[in-house]
Amino acid sequence: KPEILRTKDVDMTWVVGIRIFVFLMFAYPKKTLILAGVLLAFAVAGGGIIFLSDYLDQRKREAVQIEIFFDLDKCSEEYPLFIGFLNESGSTIEKVSFIVEGKREGYSDTTYRSEYGNYQTDKIIKDGGSHGTCWRVPPLVFGAPESDKGRFPAKDMVWSVTSVYPRFAD
């Protein structure tokens, strides 16, 4: 019952607010329109700042390039995936979390996939710097039979890195 009361209180707040605004429009139309214009300007400015901040953060994240490939020359049998990072973001990277996916060539369904947070590195990479290491192959996707490992070996997959979230020092 308290949730129902709270919902009614919120609905009543809007009704009271609208009534006050209508009263002010008739009693003081010029001042009310100026106040509404100022409030609208603040709302637009706030929305613009949030949008710009998100846009700049996204561009910064996109400036971190990642390459991945199956390579037993550089890597071992236990850690056969080479993942390299190139930081061109203009900032120092403190940590990167990402998802690794392997798909059969010519297919859209994922065969191997890591969970978010299972793949991350806290290697500090300065702007313009790079870093690469070898990683384990992620598990088969949830629900896939173990026999798929034999049918679809990791060396034959097309590997990609998705959902990249770098944490920057500044």
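It should be emphasised that the depicted structure is a prediction, and the values quoted were computed from it without experimental measurement.
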Q. Relative to Phe70, does Lys155 satisfy both conditions: NZ or CZ under 6.0 angstrom from the six-membered ring centre, and within 45 degrees of the ring's axis?
A. no
Q. Restricting to pairs with a member in residues 135-145, which pass side-chain hydrogen bond (donor to acceptor under 3.5 Å, both in side chains), not counting sequence neighbours?
A. Glu78-Arg136, Tyr79-Arg136, Thr133-Trp135
Q. How long is the span from the CG atom in Leu72 to the CG atom in Leu81, to the nearest 0.5 Å?
A. 9.5 Å
Q. Which pairs with one or both residues in residues 139-170 pass ring-ring contact (aromatic ring centres under 6.0 Å, His included), sequence neighbours excluded?
A. Tyr112-Trp159, Tyr116-Tyr165
Q | Interatomic distance, Asp109 atom CG to Tyr107 atom OH [nearest 0.5 angstrom] | A | 10.0 Å
Q. Judged by atom type as modelled, is there a donor-acceptor pair below 3.5 Å linking the side chain of Ser53 to the main-chain atoms of Ile49?
A. no
Q | More than 12 heavy atoms from other groups under 6.0 Å of CZ on Arg59 | A | no
Q. Under 4.5 Å between side-chain heavy atoms, hopping through other hydrophobics if needed: is there a path connecting Leu24 to Phe21?
A. no
Q: Spell out, yes or no, whether Phe82 and Val100 are grouped together once hydrophobic residues are joined by side-chain heavy atoms under 4.5 Å, including indirect joins.
A: no
Q: For Asn87 and Ile125, work out which heavy atoms get closest and say how close.
A: ND2-O, 2.9 Å
Q) When rounded to the nearest 0.5 angstrom, what distance separates OG1 in Thr92 from CD1 in Ile124? A) 8.0 Å
Q) Does the side chain to side chain contact (heavy atoms under 4.5 Å, CB included) test come out yes or no for Glu101 and Ile99, once each step is laid out? A) CA-CA 7 Å; Glu101 291 183 341; Ile99 292 175; 4.1 Å; yes
Q. Rounded to the nearest 0.5 Å, how far does CG of Asp156 lie from OG1 of Thr111?
A. 10.5 Å
(Q) Looking at Glu94, I'd like to know if its CD atom is crowded, meaning that more than 12 non-hydrogen atoms belonging to other residues, nucleotides or ligands lie closer than 6.0 Å. (A) yes
Q: Following the transitive rule for hydrophobic clusters with a side-chain heavy-atom cut-off under 4.5 Å over Ile, Leu, Val, Met, Phe, Trp and Tyr, establish whether Val137 and Phe98 coincide in one cluster.
A: yes
Q. Do Ile20 and Leu40 belong together in a cluster built from hydrophobic side chains that touch within less than 4.5 Å?
A. no
Q.
For a quick test of reading the model, state the closest non-hydrogen atom pair linking Arg113 to Pro138 and the distance between them.
A. C-CB, 3.7 Å
**Q.** Test side-chain contact (heavy atoms from CB on, under 4.5 Å) applied to Phe85 and Ile93, Val161, Ile66, the passing residue
**A.** Ile66
Q) Is Met157 reachable from Ile83 through a run of I, L, V, M, F, W or Y residues, each pair having side-chain heavy atoms under 4.5 Å apart? A) yes
**Q.** Closest approach of Val64 to Ser89 (non-hydrogen atoms, all atoms of both residues)
**A.** CG2-CB, 4.4 Å
Q.
If I take atom CG from residue Leu140 and atom CZ from residue Arg151, how far apart are they, to the nearest 0.5 angstrom?
A. 10.5 Å
Q.
Quick check: closest heavy atoms across Pro153 and Gly150, and the distance to 0.1 Å?
A. CD-O, 3.9 Å
Q | Atom of Thr110, atom of Lys103 and distance for their closest heavy-atom approach | A | OG1-CE, 3.4 Å
**Q.** Minimum heavy-atom distance Ser130-Leu86, with the two atoms named
**A.** CB-CD1, 4.1 Å
Q: Please lay out, stage by stage, how Met25 and Leu33 fare under the test side chain to side chain contact (heavy atoms under 4.5 Å, CB included).
A: CA-CA 7 Å; Met25 279 297 293; Leu33 287 175; 3.8 Å; yes
Q | Distance-only side-chain donor-acceptor flag, Ser91 / Lys60, under 3.5 Å | A | yes
**Q.** Approximate separation, where rounding is to 0.5 Å, of Asp57 CG and Glu62 CD
**A.** 11.0 Å
